[in-house]
Amino acid sequence: MRKVVYSRYGGTEVLEMVEQPSPTPLLGQVLIDVKAVALNPLDWKIYEGQMAFVTGSKFPRGIGIEFAGEVAKAGPAVGRFKPGDPVFGMLDPFKGDALGDQVIASEQQIHLKPPTLSFEQAAALPIGGLSALQILDDLAQVGKGTEVLINGATGGIGTMATQIAKRRGAIVTAVVGKRGVPLAMRWRCDHIVDRSSQDVLGLNRRFDVIIDLSDKLPFAASKPLLKSRSVYVNAYPNPKDILLGYIHNAVSQRKRRILMMKPNAERLELLGRLAGDWLEVVVGTTFPMSDFRRAYSETKANGSAGKTVFVVT
Ligand SMILES: NC(=O)c1ccc[n+]([C@@H]2O[C@H](COP(=O)([O-])OP(=O)(O)OC[C@H]3O[C@@H](n4cnc5c(N)ncnc54)[C@H](OP(=O)(O)O)[C@@H]3O)[C@@H](O)[C@H]2O)c1
């Protein structure tokens, strides 16, 4: 089977496709024929070495965290799945190797694919959906009437956070690029800021919660948009900000929090149900797996409204 791997940190030039023997699922594991893998900014942050303080220097490494496909073989003691079942799931974010013809996952890492979702949509659900729930429920309590600003409202996490916050009755201001405007309108966001023509810092309003998914609106810059007891969340953990946030939160009523997304089997199952019902999973662009270098360089350079997904055939 084919697998995309790399043996040193660097740009897309370090990625290569190799042939490997098909792996055997061990106790509690499932072998999956992969049909789709979603791209994440975390993929390139890892292969470029930006997360080396977590990922270390062990090579070769695979790439690709969230996927969908069909069960090829169930290992010993697997009770929930059988060959042919359509499934989706995510690997440990720092041990992704889903981009290939087959992947091994533990039984807890996968769920049955909702029949209404394509394989591409199912692959695009876990990281955005779990991150959104963690932000809206654990880091900031977003519910009916919460005034929330989502900066990057139509990216992988933003599409999920925006729809869920609206569904709960929050008052949502969505900051989007031009191509995100129709999505924000479709989800009836209360205020839409098209960043190509309006500066978010020029808004004469204050929010209970600010969620920055762009890595471009730091806590210090967002202060004019915060109330005295607001919560600010971003998604780019680094040791300095974690320490600063800890000190800041000890003395201030305004809180700054950083997403450190954790896999969560119950929430992933819930997301599958929501996506089978009203939650829209937006696949912006698809690439064949063989176009892995182009897919990463174009997505990194140009972004995508919704997720970019590899189709594996
Ligand atoms: N810490 C964790 O556990 C964790 C987990 C998952 C993700 N993340 C991180 O969270 C961030 C968001 O993830 P994602 O999957 O949602 O990424 P994404 O799909 O690339 O979305 C990023 C969003 O930011 C928007 N954006 C870019 N420049 C902007 C600007 N100057 N002002 C406002 N918005 C801007 C993009 O809009 P356009 O497409 O229109 O440019 C896009 O909607 C990434 O940095 C990712 O690495 C962290």
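Values below: every heavy atom of this structure, side chains too, minus hydrogens, waters and symmetry copies. In listed order, ligands and their atoms are each counted from 1.
Close N/O approach between Lys45 and ligand 1 is found [any backbone or side-chain N/O within under 3.5 Å]. The shortest N/O to N/O separation between Gly155 and ligand 1 falls below 3.5 Å. In terms of polar-atom proximity, defined here as any N/O pair under 3.5 Å, Asp215 does make such a contact with ligand 1. Between Pro237 and ligand 1, a contact under 3.5 Å exists for no N or O pair.
The nearest protein atom to atom 31 (N) of ligand 1, hydrogens excluded, is given as Lys216 CD, 3.5 Å; this is a heavy-atom distance. Annotation: atom 3 (O) of ligand 1 to nearest protein heavy atom, Met261 N, 2.7 Å. The closest protein non-hydrogen atom to atom 16 (O) of ligand 1 is Ile157 N, 2.9 Å. Closest to atom 38 (P) of ligand 1 among all protein heavy atoms lies Arg195 NH2, 3.0 Å. For atom 19 (O) of ligand 1, the nearest protein heavy atom (residue, atom name, distance) is Gly156 N, 2.8 Å. Remark: minimum distance from atom 48 (C) of ligand 1 to any protein heavy atom is reached at Ala235 O, 3.0 Å. Nearest protein heavy-atom contact of atom 11 (C) of ligand 1 is Leu213 O, 3.6 Å.
Looking at Thr55 and Tyr9, their side chains do bring a donor and an acceptor atom within 3.5 Å of each other. Checking Tyr236 against Gln50 by side-chain atom types alone, a donor-acceptor pair falls below 3.5 Å. For Asn40 and Asp43, the side-chain atoms include no donor-acceptor pair closer than 3.5 Å. For the 3.5 Å distance criterion, the side chains of Ser214 and Asn151 qualify, holding a donor opposite an acceptor. Thr173 and Arg205 share a donor-acceptor pair across their side chains, judged by distance under 3.5 Å alone.
Interface atoms of ligand 1 facing Gly177, defined by a heavy-atom separation under 4.0 Å, are 40 (O). Numbered from 1 in the order shown, with element, the atoms of ligand 1 that lie under 4.0 Å from a heavy atom of Met260 read 3 (O). Close approach of ligand 1 to Ser131 (heavy-atom distance below 4.0 Å) involves ligand atoms 5 (C), 6 (C).
The aromatic rings of Phe88 and His111 sit tilted, their planes meeting at an angle between 30° and 60°. Ring geometry, Phe310 versus Phe287: the interplanar angle falls from 30° to 60°, so the pair is classed tilted.
Val4 and Leu42 fall within a single hydrophobic cluster, where Ile, Leu, Val, Met, Phe, Trp and Tyr are joined by side-chain heavy atoms under 4.5 Å apart, directly or via other members.
Checked for salt-bridge contact, Glu48 and Lys300 meet the test: a charged N lies under 4.0 Å from a carboxylate O.
Counting heavy atoms closer than 4.0 Å to ligand 1, residue Arg179 contributes side-chain atoms (C-beta onward) but none from N, CA, C or O.
Summarising the local packing, CE of Met185 is surrounded by 12 or fewer heavy atoms from other residues, nucleotides or ligands at distances under 6.0 Å. A 6.0 Å sphere centred on NZ of Lys82 holds no more than 12 heavy atoms belonging to other residues, nucleotides or ligands.
Proximity of Ser304 to ligand 1 is established by a heavy-atom distance of less than 4.0 Å.
Among Leu259, Ile258, Ile127, Val282, the residue whose heavy atom lies nearest to atom 1 (N) of ligand 1 is Leu259. Closest heavy-atom approach to atom 25 (C) of ligand 1 among the candidates Gly152, Ala124, Gly128, Pro41: Gly152.
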